[in-house]
Amino acid sequence: MFNPTNKPLIVQSDSTVLLDVHDPGAEEARRSLSQFAELEKSPEHIHTYRITNLSLWNAAAAGFSPEELLGSLQDFSRFPLPDSLGISMKETMNRFGALQLFPTSEDKVLYLGTRQKAIYAELEAHPRLKKLLIPYDPQSARGIQTEPAVPPLGFLVQLLHRGTIKQQLINLGYPVEDMAPLREGSPLDITLQDRTPNGQPFEIRDYQTQSVQAFLGEKRPGTGFGTIVLPCGAGKTIVGLAAMAELGQETLILTTNSSAVHQWIRELREKTTLEEDQIGEYTGSKKQIRPVTVATYQILVWRPDKESDFPHFDLLRSRNWGLVIYDEVHLLPAPMFRVTAELQALRRLGLTATLVREDGLEREVFSLVGPKRFDIPWKDLEGRGWIAQAFCVEYRCDLPEARKIPYATADRRQKYRIASENPIKYDIAEYLIAKHRGESILVIGQYLDQLRTISKELGAPLLTGETPQTERDVLYSKFREGSIKVLVVSKVANFAIDLPDASVAIQISGSFGSRQEEAQRLGRILRPKKQHSFFYTIISRNTSEEEFSLNRQKFLTEQGYRYSIEIWDGDPRTDPAPHTRSSGEKTEA
DNA sequence: TATGGGGAAA
DNA sequence: AATAATTCCCCATA
């Protein structure tokens, strides 16, 4: 390492922070930075983070003070911090909680209070908001709480508008601190088992307990709703189960697809004292509504046509739920926001590996589900052996001469396809498979044609969306027991949580740079069985694939995965003088 | 009860 | 900004 300064950060006045990944203090700085900044770019040497309003509000909701954050920036910063940054960070963070919601003596009315005249005036003048806000007259009979005293300036708000108002205010730049009480649901007797059915002792991990405590907050005002952020494989389901057990109320669990529904039901049966008839499945094929019900988002947002209502929204009101769990809350479909806005009196627990949404609706999640209550650095979990240490390597290879002309003359979308289907990728895949002989390997791709070809070349079975469930089960079990070592899979790998463990994944093509997809694939595939896992991405050099690969990697680096870039100059096993250039950290074990 | 097709979504 | 593939829902058939 050159220039060891232990000052890995360069903090700039435009709210970006550059991280020198080669600095010995880089890991520690990253850990601190990720609590209040978002990763934007992550090429080999310098990573760019951005301090956003939302990242600061999450930090504020978690109890960080601006002074603390500035202090840690200062500690790692190579140059003095820009004054303007400190001022704007303080200003932004102080806006969280500048407006607070409280109960009143009336059942259906809340009090939105502030200590700041300017904010009061701004809301009073706001064309859309003022319709929802009733100026509070201290002479009126309507009682606001005096113990502890609420801020003197404020409005009355219909309970009905609780969500809408929070949504609109966050867009104005005022994330509301919601101190109004939540509704208690019907009681439910549920305890975690201390052994799994096959006699294994089952213990909840400390960070899972901490997550639950941070979420429930001993039922203090302003707690009982929010999001827990844990890496894939860290046991988010257990957090959900533990929250249910701690709370002891009827619960509705919402997930992304039907295999996730089945997974939750399996876990509920295995790890809690609930009886089978207390657990319901509400999906396309079954419509059970029971004290604990697991449903897909899709069934809730389904409607016969664009004009109709959502016929399954009734599920949300059909029982007196004490808790709604939003699994993979970063994938919450947009129409669910509307209904979530109406459910502000329910306890809401979001579970996710990332707060980033591809559609940029992070603020909706913040205002309607709730702020981040807990996360744990990926590094900590890795260090304690809860999740595998994963290495990401990107291989870059040239297009074959014969395809360079077709590439140059193709239109934009064909370019990407030609780059993706570069046949040299097959050589690299073969090389990597040989290198990891004996391990369970997944080859993942985007195009069925390409996958069929490589499946034939490698003599490895192919699994796609068309593969019927019975055939999948056969492939899964063979892969699990090891009689199949290499499995070629399409996008099914993104969703199939029943896919068995693998320790090596080779991605030969991917979709348009979705960060989530990348993380999902990696997280789902690389379970903590082994100490080390490898995730290879193969892309064509000097093609449009390079742009997308950058975006994809953002997320991985943010999560703390390290990756390196290898240039492919032919198979190093047969090439007498391989000059493979490598950058980033070495990954060879 | 299973299977296949159409439409929508992210 | 965009592709292709997948999955989910419901409904119609047998």
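Side-chain atoms are counted along with the backbone in the values below, which use heavy atoms only and exclude waters and symmetry mates. Only a predicted model underlies this, so the values are computations on that prediction, with no experimental measurement involved.
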How many Å lie between [atom1] on [X] and [atom2] on [N], as a whole number?
{"X": "A:Ile508", "N": "C:dA5", "atom1": "CD1", "atom2": "P", "value": "13 Å"}
{"X": "A:Asp305", "N": "B:dA8", "atom1": "CG", "atom2": "P", "value": "9 Å"}
{"X": "A:Gln414", "N": "C:dA1", "atom1": "CD", "atom2": "P", "value": "21 Å"}
{"X": "A:Leu361", "N": "B:dA10", "atom1": "CG", "atom2": "C1'", "value": "12 Å"}
{"X": "A:Tyr447", "N": "C:dA5", "atom1": "OH", "atom2": "P", "value": "8 Å"}
{"X": "A:Glu307", "N": "B:dG7", "atom1": "CD", "atom2": "C1'", "value": "15 Å"}
{"X": "A:Glu421", "N": "C:dA4", "atom1": "CD", "atom2": "P", "value": "10 Å"}
{"X": "A:Phe310", "N": "B:dA8", "atom1": "CZ", "atom2": "P", "value": "13 Å"}

A:Arg290 to A:Tyr282, cation-pi by 6.0 Å centre distance and 45° axis angle: no
cation_pi(A:Lys372, A:Phe215) dist<6.0 Å, angle<=45: no
Which of C:dT3, B:dA9, C:dT6 is nearest the side chain of A:Ser490? It is C:dT6
Whether A:Asp501 and A:Arg480 form a salt bridge (side-chain N of Lys/Arg under 4.0 Å from carboxylate O of Asp/Glu) is what I want to check.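 A:Asp501 and A:Arg480: not salt-bridged.
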Indicate the ring-plane relationship of A:Trp302 and A:His312, choosing parallel, tilted or perpendicular according to the 30° and 60° boundaries. tilted
For the rings on A:Tyr431 and A:His436, is their centre-to-centre separation under 6.0 Å?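 Between A:Tyr431 and A:His436, the centre distance exceeds or equals 6.0 Å.
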Given A:Leu463, A:Ile506, A:Val489, the one that forms side-chain contact (heavy atoms from CB on, under 4.5 Å) with A:Leu442: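 Result for side-chain contact (heavy atoms from CB on, under 4.5 Å) with A:Leu442: A:Val489.
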The contact string for nucleotides 8-14 of chain C, one letter per nucleotide 5' to 3', using protein heavy atoms under 4.0 Å with B, S and - for base, sugar-phosphate only and none, comes out as BSS----
Under-4.0 Å side-chain N/O to phosphate OP1/OP2 contact, A:Lys415 with C:dT3: no
Do you see a donor-acceptor pair shorter than 3.5 Å between the side chains of A:Glu394 and A:Thr537? no
Do A:Gln446 and A:Lys491 have side-chain N/O donor and acceptor atoms under 3.5 Å apart? no
Heavy atom of residues 465-480 of chain A under 4.0 Å from DNA chain C: which residues? A:Gly465, A:Arg472
Checking A:Asp473 now: which residues fulfil side-chain hydrogen bond (donor to acceptor under 3.5 Å, both in side chains) with it, not counting sequence neighbours?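 So A:Asp473 forms a side-chain hydrogen bond (donor to acceptor under 3.5 Å, both in side chains) with A:Gln469.
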Could you check A:Arg412 against A:Asp449 and say which one's nearest nucleotide on DNA chain C is further toward the 5' end? A:Arg412
